[in-house]
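A short write-up of the structure that comes next.
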Amino acid sequence: LSSDIFYENAENNSEEDANLILNNQYSFQKFESEKILADIEPLIIRTSFVGIDFRGKGILNAISDTINNNKEMNGWINVFSSSVSVYQLIKLIQFIIFGNRITGTYNFGTKKPYSKFEYVYETLKFFKKEALVKEVEYSAGNIDRNCNCGMSSEKIAEELGIDLPTKDGVIEDSVNELKQLQFLDN
C-alpha cells in the first residue's frame, strides 16, 4: 500500500502515470519503497483512507473530539481527496487475495474527489454538529503537502470489474465507526 499524496497534477484526478512530486518525508519514503519493490512485479495500491487511529491522530479522531466536546474544527475547502474508508480498503484487499491476483500500480479511491470540508461537514451533520466546522483555506504549515490529492481509480475498477466507493459511502462508514467508538467509550 502506498499513498496518493505525491501526485504533481493540479487537477483532482491524477492517474497512475502522472508526474510525482516528493515534497515531504512521507511521500519520499513511499516513493522509495515503490522503487525497491519494482523488481519483483508487485501489486502497489496507491490510496489513502480514513478510520479511527488508536493513537488519537487523524481526521476521524478530530471529528470525534468535536462531537464529544462541542469543539470547533477547521474544514479545508481547498484540499481535495479520494480517501476511502478503512472498511472499503479491506474489502478490496480481500477481493484481490481471494482470486483476483493482479500486479502493477493502481490507484484506489472514491469515484470522485471531495474536499476535506465536505467530508467533515457531512459527517458532523449526522450528529447534528455541522455548525462546528469552519470553512477555511489550507495554508502550508510545518509539512508541505499537495492540496489536490484526488486520483483517478478507473484503472483498478476496470481491471477488477468493481464499482468504486463514493464520498457518501465513506461518510456512512465513518459515521458507523464514530458510533462504535462512542459506544466503546461509554
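The model shown is predicted, which means the values in this text are computed figures rather than measured ones.
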To the nearest 0.5 Å, atom CD of Glu130 lies from atom OG1 of Thr123 at 11.0 Å
Under 4.5 Å between any side-chain heavy atoms of Lys71 and Leu132, yes or no? no
In the structure I gave you, are the side-chain heavy atoms of Trp76 and Val136 within less than 4.5 Å of one another anywhere? yes
What is the distance from atom CG of Asn70 to atom CG of Asp65, rounded to the nearest 0.5 Å? 10.5 Å
Check the hydrophobic clustering (I, L, V, M, F, W, Y; side-chain heavy atoms under 4.5 Å; chains of links allowed) and say if Ile40 and Ile36 are grouped together. no
Heavy-atom distance under 4.5 Å between the side chains of Glu15 and Lys155, does that happen here? no
Gap separating the CG atom of Asp17 from the OG atom of Ser152, nearest 0.5 angstrom: 10.0 Å
Would a 4.5 Å heavy-atom cut-off, applied to side chains only, mark Ile67 and Leu124 as touching? yes
Is the shortest heavy-atom distance from the side chain of Leu92 to the side chain of Leu160 under 4.5 Å? yes
Where Thr110 and Ser83 come nearest, the two heavy atoms and their spacing: CG2-O, 3.4 Å
Sub-4.5 Å side-chain heavy-atom contact between Lys111 and Asp163: no
In Å, rounded to the nearest 0.5 Å, how long is the span from NZ of Lys112 to CZ of Phe80? 12.0 Å
Is there a side chain to side chain contact (heavy atoms under 4.5 Å, CB included) between Ser82 and Ser153? Walk through the geometry before answering. CA-CA 9 Å; Ser82 298; Ser153 297; 5.6 Å; no
Roughly how far, to the nearest 0.5 Å, is CG of Leu164 from CZ of Phe108? 7.0 Å
Which of these passes side-chain contact (heavy atoms from CB on, under 4.5 Å) with Leu43: Ile96, Ile93, Ile156, Leu37? Ile96
Looking only at non-hydrogen atoms, find the nearest pair between Pro165 and Gly109 and report the distance. CD-O, 3.6 Å
Other residues, nucleotides, ligands: >12 heavy atoms within 6.0 Å of Phe117 CZ: yes
Side chain proximity check, Tyr121 to Lys125, heavy atoms < 4.5 angstrom: yes
For Val120, which of Val133, Leu60, Asn74 qualifies under side-chain contact (heavy atoms from CB on, under 4.5 Å)? Val133
Indicate the atoms forming the closest heavy-atom contact of Gln88 with Thr166, along with that distance. NE2-O, 4.4 Å
In Å, rounded to the nearest 0.5 Å, how long is the span from NZ of Lys116 to CE of Met73? 9.5 Å
Identify, with sequence neighbours excluded, every residue that meets salt bridge (Lys or Arg N to Asp or Glu O under 4.0 Å) alongside Glu122. Lys167
Less than 3.5 Å apart, which donor and acceptor atoms pair up between the side chains of residues 170-177 and the rest of the protein, not counting sequence neighbours?
residue	atom	partner	partner atom	Å
Asp173	OD2	Ser85	OG	2.6
Ser174	OG	Tyr119	OH	2.8
Ser174	OG	Val170	O	2.9
Asn176	ND2	Glu172	O	3.3
Glu177	OE2	Ile52	N	2.8

Does the Asn61 side chain pair with the main chain of Asp53, one donor and one acceptor, at a distance under 3.5 Å? yes
Quick check against the 3.5 Å criterion: does Tyr87 have a side-chain atom that pairs as donor or acceptor with the backbone of Gly51? no
If every non-hydrogen atom of Glu16 is compared with every non-hydrogen atom of Asn107, which pair is closest and at what distance? OE2-N, 2.8 Å
